[in-house]
There are 2 protein chains.
Amino acid sequence: MSTLRYALLCTLHAGPLTGYEIVQRMRRPIGYYWTAQQSQIYPELARMTEDGLIDHDAAAGPGPHDRKTHRLTEAGRTELARWLTEPPQRRPPKDELVLKTYALAAADRDGMRALYRGEARKHQAQLDDYLAQQADAEARGDDDPAGPRFGAYATLRMGIAAERTMVDWCDWLVSQLGR
Amino acid sequence: MSTLRYALLCTLHAGPLTGYEIVQRMRRPIGYYWTAQQSQIYPELARMTEDGLIDHDAAAGPGPHDRKTHRLTEAGRTELARWLTEPPQRRPPKDELVLKTYALAAADRDGMRALYRGEARKHQAQLDDYLAQQADAEARGDDDPAGPRFGAYATLRMGIAAERTMVDWCDWLVSQLGR
DNA sequence: CGATACATGTAAAGTGTTACATGATTTA
DNA sequence: TAAATCATGTAACACTTTACATGTATCG
């Protein structure tokens with residue numbers, strides 16, 4: 001079972017969705033910590049249906065294909081619950097900005113300073129977006145650990161903490177590289 | 001030009017290395033923010049040599065192949081310097097633990113609490129390792145922004161900040177899921 | 001004498017991205 | 001009427017992982 005499969009099971013955990021809606025979730029909010037392309041999602045949904053993890057209602061769609069609303073089967077729900085409490089397998093972190101930093105000495109100093117200033121700005125913008133989402137979530141009561149949307153709220157908290165860390169680190173580098 | 005190529009250029013920025021030594025660096029310290037398998041590295045080094053980004057001295061090796069010590073060419077160094085100050089392309093973050101968190105409501109509550117407790121412990125261990133490395137680095141004077149090893153030191157700082165963020169987030173989740 | 005480190009490579013399978021293809025309905 | 005949204009799919013290519021393959025030198 002690939003992680004993509006589990007990501008799709010996660011996407012469907014709170015209720016049925018069409019493939020198209022799953023693609024949307026893979027941008028926001030799930031795209032903040034997992035992504036998959038449309039061209040990966042549709043064939044995988046078909047294979048998961050074959051394997052009995054999900055099933056769907058089909059209805060005439062706008063284009064040449066049926067519109068399918070997918071939902072977890074009992075088998076899918078069981079498999080998801082089993083996987084969730086398993087320790088995640090450490091996958092290679094790949095961060096281009098940190099990679100660039102390792103070879104910092106081989107670059108133009110002022111150019112690198114400008115780079116970190118720009119990245120600090122981008123991460124600050126993302127942080128502001130998350131902060132606004134957090135305020136909305138708390139207004140809805142999503143921060144209740146017993147509520148059904150606490151999981152999404154907790155991921156937001158991680159996003160906020162990670163962006164703050166990036167902003168601080170970039171700012172520190174700007175100050176270190178300053179004259 | 002794939003990012004793998006730039007990662008290899010970064011690895012060689014401070015001096016010549018054999019393929020085998022590059023593989024070691026891809027575990028520690030570069031592996032903390034970038035990885036590649038041996039089977040990816042050797043063919044890519046060959047292609048980069050063909051393209052004039054690197055060259056090497058060859059000497060009889062222990063096995064059936066020559067031992068090659070790779071170094072950047074002038075063209076490679078120029079290309080690296082150009083790339084370094086370019087804004088990194090945002091690649092999809094993929095974090096299995098955060099993905100699991102999104103679907104937290106579909107799992108056993110105590111099981112999830114145990115998961116976050118275990119992950120907090122693992123990240124704390126990694127943090128302690130980084131902290132020890134930081135002390136060594138500072139004793140060597142690597143924290144001098146004008147020194148040649150400041151880049152590696154700065155990546156360590158990011159690692160420390162990121163691990164601390166993870167530990168805090170896991171601890172927060174344990175407390176939220178507690179009775 | 002068995003395991004580990006040194007040292008380089010190839011083959012096959014799996015995963016992910018980009019591009020293509022169709023076509024109705026709604027919005028500017 | 002042009003663009004965006006809804007909706008599903010395939011093909012080709014690129015990238016990554018796992019496994020295989022060879023062989024010396026050193027350490028316990």
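Note that these values count all heavy atoms, side chains included, but never hydrogens, waters or copies made by symmetry. Throughout, a chain's letter reflects where its sequence line sits, starting with A, and its residues are numbered from 1.
- The side chain of Pro64(A) approaches dG23(C) more closely than any other nucleotide in the set dC6(D), dA7(C), dG23(C).
- A salt bridge (Lys or Arg N to Asp or Glu O under 4.0 Å) with Arg140(B) is found for one member of Asp144(B), Asp143(B), Asp142(B) and no other, namely Asp142(B).
- Sequence order on DNA chain C of the closest nucleotides to Ser2(A) and Pro62(A) puts Ser2(A) first from the 5' end.
- Taking atom CD of Glu21(A) as the reference point, atom C1' of dA7(D) lies 10 Å away to the nearest angstrom.
- Here the C1' atom of nucleotide dA7(C) and the NE2 atom of His70(B) are 10 Å apart, to the nearest Å.
- Residue Trp34(A) contributes atom CH2, which lies 11 Å from atom P of dT15(C) at whole-angstrom precision.
- When the nucleotides dT8(D), dA7(D), dT8(C) are ranked by their closest atom to the side chain of Arg67(A), dA7(D) comes out on top.
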Do Glu96(A) and Tyr33(B) pass the side-chain hydrogen bond (donor to acceptor under 3.5 Å, both in side chains) test, and can you show the C-alpha distance, the side-chain angles, and the key distance before you say yes or no?
CA-CA 8 Å; Glu96(A) 242 182 60; Tyr33(B) 43 89; over 6 Å; no
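- Ser39(A) comes within 4.0 angstrom of a base, heavy atoms only.
- Protein atom CZ of Arg47(B) is 12 Å distant from nucleotide atom C1' of dT10(C), rounded to whole Å.
- If you check every strand for non-hydrogen atoms under 4.0 Å, Gly19(A) touches sugar and phosphate atoms only.
- Applying the 3.5 Å distance criterion, the base of dT18(C) shares no donor-acceptor pair with the side chain of Gln37(A).
- Relative to the side chain of Gln38(B), the nucleotides dG9(D), dT8(C), dT17(C) differ in distance, and dT8(C) lies closest.
- Taking the nucleotide of DNA chain C with the nearest heavy atom to each of Tyr42(B) and Leu4(A), the more 5' of the two is matched to Tyr42(B).
- Whole-Å rounding puts the Gln40(B) CD to dT10(C) P distance at 14 Å.
- Side chain to side chain, Glu79(B) and Tyr6(B) meet the donor-acceptor criterion of an N or O pair below 3.5 Å.
- In summary, the side chains of Thr11(B) and Tyr102(A) do not present any donor paired with an acceptor at a separation below 3.5 Å, with no hydrogens or angles considered.
- Nucleotide dC6(C) holds its C1' atom 15 Å from the NZ atom of Lys68(B), rounded to whole Å.
- Closest to the side chain of Tyr20(B), out of dA5(C), dG9(D), dG9(C), is dA5(C).
- Rounding to whole angstrom units, CZ of residue Arg27(B) and P of dT4(C) are separated by 14 Å.
- No hydrogens or angles considered: a donor-acceptor pair under 3.5 Å links the side chains of Tyr32(A) and Gln133(A).
- The distance from atom CZ of Arg91(B) to atom C1' of dA14(D) is 13 Å, rounded to the nearest whole Å.
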